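See structure below.
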Amino acid sequence: INIGGSIFIQNDNWKNDDRFILKDLLNDKKSFIIGCNFGPGDDEFTEFYKNWFAKFDDVCFRDNKSYEIFKELPNTRKATDIVLSNCKKNLISNALYKKNIAISVIDITNNKNLKDYVDCYYEWHIKVIKNYIHRGYNINLFSFCTTDGDLKAINEILKGINEEDKKHIKVIQYNGSISRFLNKFKRNKYVIGTRFHSIILAIMNNQEFIPISYSKKTDNFLKDLESSIKAVQIKDLNKKSKKNLKFYHVIQDFDAEKQFEKIDQYIKNKTH
């Protein structure tokens, strides 16, 4: 079983993926891919995967754009992101909830398409944070992945905040305890998120959110979700003032459980 999100992205070494070897070794076993999106990649990359995906019993994508590429394969499907299978809208109620804002940032310094916007990205967040602190809000900066540079980005932003304003800011770093991290994330009414799954979690928790897009996977997900939701592109942040920010709120049911549909059928058949 291959479970993941952006697990099929073309890089310089894509032809040496260990998963190809593993699939050949386990070719007589049932095999599934769930929860993924595809790309970006060129025509050779895409054609290779059309042949490779055909060897699996089930391939379930999490976005329509990926599914459209491979829908000619009879073993492909589409369902919502796996995380939304826990969409219970169970918020934590506390006195500070309505005045708490969660902010998720990423390190874009090594992104060849965005590295020219690093200063703008940090400056925009600094301005937004100051604005909301002066309006009486508390800011919680979430580092989803330290190894990818989230904490580094947070520290760069904090350099632009004065000591008085820092009293209203907390940094929450993922330390291996999922329940602790998610519990603290839910203690915010609002989310301003760059990390893809900060937006997924906001929807799962019934929070209001502003999506900051750094890749097509964010745009594609939001397009599938609701056409009225427009992500703020990192390249356009300088055009977005703190006065015209729009928080979105999504209330709907999701079919994320269907990601596991074929696996569930297989297990049920094996146990009866």
Side-chain angles (χ1 to χ4, degrees), residues 89-108 114 117-145 149-174 180-214 218-219 222 225-226 228-251:
K89 309 285 196 306
N90 53 339
L91 288 171
I92 293 174
S93 178
N94 64 28
L96 294 176
Y97 168 74
K98 292 182 180 180
K99 281 292 186 178
N100 285 352
I101 301 176
I103 297 181
S104 159
V105 294
I106 64 171
D107 177 19
I108 62 173
L114 297 174
Y117 300 91
V118 173
D119 290 343
C120 174
Y121 182 68
Y122 291 152
E123 289 168 5
W124 185 85
H125 279 89
I126 290 168
K127 289 178 182 177
V128 169
I129 289 169
K130 288 180 177 179
N131 174 57
Y132 280 108
I133 287 175
H134 296 164
R135 289 167 58 185
Y137 286 85
N138 304 297
I139 304 297
N140 295 303
L141 296 170
F142 283 82
S143 170
F144 277 68
C145 187
D150 291 21
L151 191 60
K152 173 187 171 184
I154 287 173
N155 288 330
E156 288 298 320
I157 289 169
L158 289 175
K159 290 178 182 178
I161 308 293
N162 63 49
E163 294 303 316
E164 184 62 30
D165 285 346
K166 283 181 181 178
K167 295 177 182 178
H168 303 277
I169 300 175
K170 290 183 179 179
V171 176
I172 296 95
Q173 183 179 359
Y174 175 65
R180 170 187 172 275
F181 190 81
L182 295 181
N183 193 48
K184 288 184 177 294
F185 195 86
K186 285 193 288 187
R187 293 178 181 269
N188 301 270
K189 182 175 182 179
Y190 304 97
V191 175
I192 300 174
T194 307
R195 274 276 170 214
F196 176 75
H197 274 102
S198 68
I199 301 305
I200 298 288
L201 289 173
I203 294 169
M204 185 180 83
N205 294 328
N206 200 20
Q207 294 161 302
E208 297 181 39
F209 63 95
I210 296 173
I212 311 297
S213 177
Y214 67 96
T218 301
D219 299 333
L222 294 173
L225 182 67
E226 195 173 307
S228 63
I229 299 177
K230 304 298 181 185
V232 180
Q233 303 298 318
I234 288 179
K235 296 178 180 179
D236 297 330
L237 280 176
N238 61 346
K239 302 175 185 176
K240 284 284 181 181
S241 73
K242 56 184 179 291
K243 295 179 180 179
N244 60 8
L245 296 178
K246 179 179 180 180
F247 283 89
Y248 294 96
H249 191 203
V250 173
I251 302 177

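Bear in mind the structure is a predicted one, so any value in this text is a computation, not a measurement. Along the sequence shown, residues are numbered consecutively beginning with 1.
Rounded to the nearest 0.5 Å, atoms NZ (K152) and CG (D107) are 4.0 Å apart. For the atom pair CD1 (I169) and CD1 (I133), the distance works out to 4.0 Å, reported to the nearest 0.5 Å. Note that NE2 of H125 is 8.5 Å distant from CG of L141, once rounded to the nearest 0.5 Å. Taking CG of N188 as the reference point, atom CG of N205 lies at 9.5 Å (rounded to 0.5 Å). Atoms CD1 and CD, on I199 and Q207 in that order, are 9.5 Å from each other to the nearest 0.5 Å. If you take OH on Y137 and OH on Y190, they are separated by 4.5 Å, rounding to the nearest 0.5 Å.
Here the closest non-hydrogen pair linking Y117 and I234 is CB-CG2, 4.1 Å. Pairing each heavy atom of I106 with each of A153, the nearest pair is O-CB, 3.4 Å. Nearest heavy atoms, Y174 versus F144: CB-O, 3.7 Å. Nearest heavy atoms, T218 versus S213: CB-OG, 3.9 Å. Nearest heavy atom pair, residue V250 against residue N206, reads O-OD1, 4.0 Å. Between K99 and R135, the closest heavy-atom pair is NZ-O, 3.4 Å.
Legend: residues meeting salt bridge (charged side-chain N to carboxylate O under 4.0 Å, His left out) with K235, ordered by chain and number and at least two apart, are absent. Applying the ring pair (Phe, Tyr, Trp, His ring centres under 6.0 Å) criterion to Y214, with sequence neighbours excluded, gives no partner residue. For Y122, the ring pair (Phe, Tyr, Trp, His ring centres under 6.0 Å) test picks out no residue, with sequence neighbours left out. Every residue two or more places apart in sequence or in another chain was checked for a salt bridge (charged side-chain N to carboxylate O under 4.0 Å, His left out) with K230, and none qualifies. F142 pairs by the ring pair (Phe, Tyr, Trp, His ring centres under 6.0 Å) definition with F181, F185, not counting sequence neighbours. Every residue two or more places apart in sequence or in another chain was checked for a salt bridge (charged side-chain N to carboxylate O under 4.0 Å, His left out) with D219, and none qualifies.
A donor-acceptor contact shorter than 3.5 Å links the side chain of S104 to the backbone of R195. Although no hydrogens or angles enter the test, the distance criterion places a donor-acceptor pair under 3.5 Å between the side chain of N100 and the main chain of R187. At least one donor-acceptor pair under 3.5 Å links the side chain of N155 to the backbone N or O of L151. With D165 contributing its side chain and K130 its backbone, the two residues share no donor-acceptor pair below 3.5 Å.
You'll find the side chain of T194 stays beyond 4.5 Å of the side chain of I108, heavy atoms only. Using a 4.5 Å heavy-atom threshold, the side chains of V191 and F247 count as separate. Within the 4.5 Å cutoff, the side chain of R180 has heavy atoms near those of the I172 side chain.
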- Message: Under the criterion side chain to side chain contact (heavy atoms under 4.5 Å, CB included), I'd like the reasoning laid out for Y121 against L114: C-alpha separation, chi angles, the key distance, then a yes or no.
- Response: CA-CA 9 Å; Y121 182 68; L114 297 174; over 6 Å; no

- Give the intermediate values and the outcome of side chain to side chain contact (heavy atoms under 4.5 Å, CB included) for residues V128 and I101. CA-CA 11 Å; V128 169; I101 301 176; over 6 Å; no

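At most 12 heavy atoms of other shown residues, nucleotides or ligands fall within 6.0 angstrom of atom NZ in K170.
Note on ring orientation: taking the six-membered ring where Trp is involved, the planes of Y248 and F209 are tilted (angle from 30° to 60°).
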